[in-house]
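Residue indices begin at 1 and follow the sequence shown. Just so it is clear, the structure is predicted and the values come from calculations on it, not from any experiment.
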Amino acid sequence: MAVVPHMKLAPRALNFEDMVRLRLKQHLTTASSMRVTVITAPAGYGKTVTLRQWREILLARGERVAWIELDQRDDDPSSLSRILQQSVIGEGLPADRGSWRANLDASIDGISHLPGRVWLLLDNHSFDPCDGVDEVISHLIDNGPDCLRIVISGRRRPRIPVTRLRIANQLLELSQEQLRYDPEESARFLKIELPADMDLLDHELITAMTRGWPAGLRMTVTMLGRSKRAKDALAALAQLPAEFAEFFAECLATDLTSHQVALLARTSMLDELSLPLCRAVAGAAGIEDLFRRLRSGELFAHCVDEGGTRFQLHPQFRQYLQTYLNERLNEDGKLQNARASAWFAQNGDWQLAVQHAFSAGNTLKAVEWARQCALEEVAKGNLSMVIGWLGQISVSQLMGDGALLAAAGTAYALSLRLDDAKSIAGMIENLIAASPSDPDLYELADYRKSLLIFIAYMSDDGTALLALADEFRSSVSQAWSVLVVGNATIHGHLIGGNIALARGSLQPLPVEADQPALSFSVVCRSCLLALCDVAENRLDEAEPRLRQAYDLAQRVVGINTAPAVLAASLLSFVRYQRNDLFEAELLLSGHLDLIEQTCLVEGLIACYLTLVRIMVSRGDWKSGYQLLERGDALGRKRDWLRLRTVCIAEQIRLNLLQSRVTQARTLMTVLRGMIQARPATDRSPTSFGWRLLRMSEGRLLAAENKPHRAAEIFERQMHEFAWDEQAGLEAGIEYSVSLLAMGRRGPAIEGMISLLARTEPGDIIRPYIDSGAGAIFLVKSAIAYLQNNASRRVSPEYLDRLASALAFITVERPHSHAEPSLAPALTKRERELLNRVQHGMTNKEIATDLDIGLETVKWHLKAIFKKLKVRNRTEAVSVIQAGVIPDQ
């Protein structure tokens, strides 16, 4: 037998030290219990590096490891069987028995007599076809001893009996999804390789561009090392650097035929690839085989659904293919975009139909299909997309289409481009004036009226809302326009502080209230009524109303939509007031940008206050101030006085809690000037601003040790804003604290007891904590008094909930505005879950045992981990065993 080159039987040396990846080392533990492990990924995903690291670990453990680097010559079964003999058996090879199967069986017999486990690592299974290699591997799998572990890595998946192995649970499959660097690994790698001045934002940007592709990260490091300015190098990365293009060209030349490359190039304008769509766009010839390779993980693409039917190309690979289409195939992609547009329209996906029609240069088709979905996309909150469409449509095309005019005006209004919205309203008015008897324009007339109301909404002008509602109430007929007018009436009265009138103007919802086109208005109606509940501290009524609205929005138009985030913002505020910080934060998680883009003022106020107070409760004051400054900037940009006053008043409150009186005085000057610049009227947001100004003045006087003057202000606020019990609660708490500072302990406690009796129906807890140490001291004193005197003015259950919330808040000085100190206490339910975790129960078993939902279990565990400052179940159990969790 010819001597096998040593480089085939040992990994080649790399000219760099690759980062040890603990996550991939953990897969080796699983591989140890599997008969076969298959690692399939495109070039540059670290397959060989992973095998090298595994080999070093196994050798360090004293296990026998054989390595074979495959190449095209190994497709001969006879040759490969002898190489296997030499790599595994080494010295004392059995005699050549003629056939490759006989030789392989002799090797298998030799392996079975070796002590311990035997690993066979087959690297670079990448050439196609390689039937001989697969035949030899299959024979090893079918006949090899139990001690044999086979690991195969390459760009293509081997043709071995995978189904049988899966059924027997003897197969571990790793793909690019497991091999790619996760964000934490990417950041660690870049921090090691890049200059010290690269900050976290750059790391996140690079990770997003490369999608954790190891070779892409390494090429990026090389580019940044050559560049004098990291910003220029990152800009080049977004434009497909030459290094990436050359890498892809070499890979495709090896792995795909020219026809397959052309198929990929002709589908590269698609955001997602599916077999029916690609067949329609690029033709049927060869498309099945291409998708087989996509499913096997051999190409630079990842699956986006569980069924393995939809794929997305790696962003840089997609750019390369689009360049290939233009330069190598001399095609501009318009034909493919036209086919894609027609396919999406046929399947009712109007948004993508419009997008590809524009890309194909077919504006007429784009307008035709935009008419089908523009209003619905506006309702979902996709405003920038719709406005982008409008920029490609001529005025004459827009004027001839009522549905597009309505969508355009609404999108402009919600985006605060009010001049453009007014221009659309003018176009509609001119269109109606030109054909006043045209029945087709009756609906458009309603759109115009609704648009004018939307403009007043987004101007936060309560007076204009009521005036328009009065003007249009008897002249609108469409269900959605009737809803809009009714909402305007409620909203106008709400801004003016007339809760009774707001509730009195309520009208029944239309029968078709669950239609997408009506969803925003229906949700708005529920949210406005919930705001009336909140103003009256009736959170027990506000919460189910908001949950119903949130569920409707999710069901009809989706979770990442304008109606959903409006309901979520207000619901989060209610949950926060009831001391459920975890759900409050969860409702807002990842939605801040959409909330800022589409929400009414009330939604934004609820969102900012909830997030800021959660941040402060964790001691993250800096982030809280930054978010309030962001809200103030948005309010200034949109000329929303109510939003600005809330953000500045909250900054004043936080500064005073930290005894930063000088900073609070500076902000008071800003707030006072802003309020005094506008005349106060009953139906103006200025009255809202005056209340916040007076509250801030009272808090500042209290901090300056002038409790008598502060008490006068708070007492007056309790009477002047009697219609707003939420505001009255804040004033009442501060008034009681001022009485305490004056030495009037008895009246202060009595005042607090009265407040507790009023807030019990709504189960309100958080305002007492947020008002500072003086309020906390008084609430504890009130609870003690009521319990000692067996008073029934407040229920024991509510007192217990208050006491539990206050139990781990340290009060250093009764009258101070010091920041509360929170200890990581667990609720009774959280302790029940943690006890079951300690006993090894799974999430599903815990859910069954406690009769709660699986998602609820996950939410509780996340809250527990956050409180205990641990990352997983194991660490949580360690904390339990250490006995460091305080009792509730």
Side-chain angles (χ1 to χ4, degrees), residues 11 21 23-28 30-31 34-55 67-72 74-75 119-138 140-141 149-166 169-182 211-216 247-248 250-252 254-257 260 264 273 288-314 317:
R21 301 176 65 191
R23 190 165 52 85
L24 292 183
K25 288 172 66 177
Q26 293 170 358
H27 286 299
L28 178 58
T30 307
M34 297 293 175
R35 191 173 184 81
V36 179
T37 298
V38 175
I39 305 175
T40 309
Y45 272 90
K47 301 180 293 296
T48 298
V49 171
T50 299
L51 255 62
R52 282 169 54 90
Q53 291 185 2
W54 284 14
R55 178 176 179 268
W67 177 289
I68 298 178
E69 182 175 328
L70 299 169
D71 58 44
Q72 193 75 44
D74 298 322
D75 203 31
W119 291 79
L120 175 60
L121 308 183
L122 300 171
D123 191 29
N124 195 36
H125 187 284
S126 303
F127 44 94
D128 193 10
C130 50
D131 297 333
V133 172
D134 294 338
E135 196 172 1
V136 170
I137 297 173
S138 296
L140 270 176
I141 293 170
R149 299 290 179 266
I150 302 172
V151 183
I152 313 158
S153 82
R155 298 185 199 174
R156 62 171 294 276
R157 181 174 294 178
R159 295 181 178 89
I160 59 175
V162 292
T163 302
R164 195 163 70 245
L165 290 166
R166 285 175 186 149
N169 194 28
Q170 286 296 310
L171 178 66
L172 171 63
E173 296 175 275
L174 301 180
S175 68
Q176 56 181 287
E177 296 304 315
Q178 288 77 42
L179 295 180
R180 72 171 77 249
Y181 282 15
D182 63 26
R211 297 276 178 91
W213 177 33
F247 187 94
F248 290 132
E250 291 177 6
C251 294
L252 293 181
T254 304
D255 298 342
L256 297 179
T257 66
Q260 289 173 326
L264 275 175
L273 308 182
E288 292 280 358
D289 184 59
L290 189 63
F291 264 79
R292 178 188 65 77
R293 304 195 69 166
L294 282 169
R295 292 188 191 99
S296 67
E298 301 172 25
L299 302 177
F300 293 93
H302 71 279
C303 185
V304 294
D305 68 340
E306 293 184 0
T309 61
R310 297 178 7 251
F311 300 86
Q312 282 186 340
L313 297 175
H314 189 282
F317 184 51

> Are Val133 and Pro158 close enough that some pair of their side-chain heavy atoms sits under 4.5 Å apart?
Replying inline: no

>> Once rounded to the nearest 0.5 Å, what's the spacing between atom OG1 of Thr37 and atom CG of Leu122?
In response: 11.5 Å

> Nearest heavy-atom pair of Trp67 and Arg55: which atoms, and what distance?
Replying inline: CE3-CD, 3.6 Å

> Which residues pass the side chain to side chain contact (heavy atoms under 4.5 Å, CB included) test with Arg310, sequence neighbours left out?
Replying inline: Glu272, Ser274, Val304, Asp305

> With a 4.5 Å heavy-atom cut-off, do Leu290 and Leu299 have their side chains touching?
Replying inline: yes

>> Is the shortest side-chain heavy-atom distance between Ile152 and Ile160 below 4.5 Å?
In response: yes

>> Could you work out, with side chain to side chain donor-acceptor pair (under 3.5 Å) as the rule, every residue matching Trp119, not counting sequence neighbours?
In response: Glu63

>> How long is the straight-line distance from CG of Leu165 back to CG of Leu172, given to the nearest 0.5 Å?
In response: 11.5 Å

> With sequence neighbours left out, what residues match Glu288 under side chain to side chain contact (heavy atoms under 4.5 Å, CB included)?
Replying inline: Leu275, Arg279

> In chain order, what residues pass the side chain to side chain donor-acceptor pair (under 3.5 Å) check against Arg295, with sequence neighbours excluded?
Replying inline: none

> Among all residues two or more places apart in sequence or in another chain, which pass the salt bridge (charged side-chain N to carboxylate O under 4.0 Å, His left out) test with Arg180?
Replying inline: Glu177

>> My understanding is that only residues two or more places apart in sequence, or in another chain, count here; which of them pass side chain to side chain contact (heavy atoms under 4.5 Å, CB included) with Thr254?
In response: Arg155

> Looking only at heavy atoms, what is the nearest atom pair of Arg293 and Ser296, with distance?
Replying inline: O-OG, 3.0 Å

>> Does any part of the side chain of Arg292, heavy atoms only, come nearer than 4.5 Å to the side chain of Glu298, both counted from C-beta?
In response: yes

> Does any non-hydrogen side-chain atom of His125 lie less than 4.5 Å from one of Asp134?
Replying inline: yes

>> Give me the atom names and distance for the closest heavy-atom approach of Phe247 to Ala215.
In response: CZ-CB, 4.2 Å

> Does Asn169 have any side chain to side chain contact (heavy atoms under 4.5 Å, CB included) partners at least two apart in sequence or in another chain, and if so, which?
Replying inline: Met34

> Taking only residues two or more places apart in sequence or in another chain, which ones pass ring-ring contact (aromatic ring centres under 6.0 Å, His included) with His314?
Replying inline: Trp213

>> Measuring from atom CG of Asp289 to atom CG of Leu294, what distance do you get when rounded to the nearest 0.5 angstrom?
In response: 10.0 Å

> Where do Arg156 and Asp255 land on the side chain to side chain contact (heavy atoms under 4.5 Å, CB included) test, with the steps shown first?
Replying inline: CA-CA 9 Å; Arg156 62 171 294 276; Asp255 298 342; over 6 Å; no

>> Between Ser138 and Glu135 (side chain of the first, backbone of the second, donor and acceptor by atom type, cut-off under 3.5 Å), is there such a pair?
In response: no

> Between atom CD1 of Ile39 and atom CG of Leu179, what is the distance when rounded to the nearest 0.5 Å?
Replying inline: 6.5 Å

>> Please find the pair of heavy atoms, one from Ala31 and one from Trp54, that lie closest to each other, and give the distance.
In response: CB-CZ3, 4.1 Å

> Under the salt bridge (charged side-chain N to carboxylate O under 4.0 Å, His left out) test, which residues partner Arg166, sequence neighbours left out?
Replying inline: Glu173

>> For Gly297 versus Pro42, what's the shortest heavy-atom pair and its separation?
In response: O-CD, 3.5 Å

> Hey, what's the ring geometry for Phe317 with Phe248, parallel, tilted or perpendicular (30° and 60° as the breaks)?
Replying inline: tilted

> What's the spacing between Phe311 CZ and Thr309 OG1 if we round to 0.5 Å?
Replying inline: 7.0 Å

> What do the steps show when you test Phe291 against Leu273 for side chain to side chain contact (heavy atoms under 4.5 Å, CB included), and what is the final call?
Replying inline: CA-CA 9 Å; Phe291 264 79; Leu273 308 182; 4.1 Å; yes

>> As an exercise, state the distance from CG of Leu140 to CZ of Arg35, rounded to the nearest 0.5 Å.
In response: 9.0 Å

>> Please determine whether side chain to side chain contact (heavy atoms under 4.5 Å, CB included) holds for the pair Thr50 and Leu174, giving the CA-CA distance in whole Å, both sets of side-chain angles, and the decisive distance to 0.1 Å.
In response: CA-CA 11 Å; Thr50 299; Leu174 301 180; 5.6 Å; no

>> Set out, in order, the CA-CA distance, both residues' side-chain angles and the distance that settles side chain to side chain contact (heavy atoms under 4.5 Å, CB included) for Leu256 and Leu264, then state yes or no.
In response: CA-CA 10 Å; Leu256 297 179; Leu264 275 175; 3.7 Å; yes

> Can you list the residues that meet the side chain to side chain donor-acceptor pair (under 3.5 Å) rule with Thr40, with sequence neighbours excluded?
Replying inline: none

>> Can you list everything that forms a salt bridge (charged side-chain N to carboxylate O under 4.0 Å, His left out) with Glu250? Sequence neighbours excluded, please.
In response: none

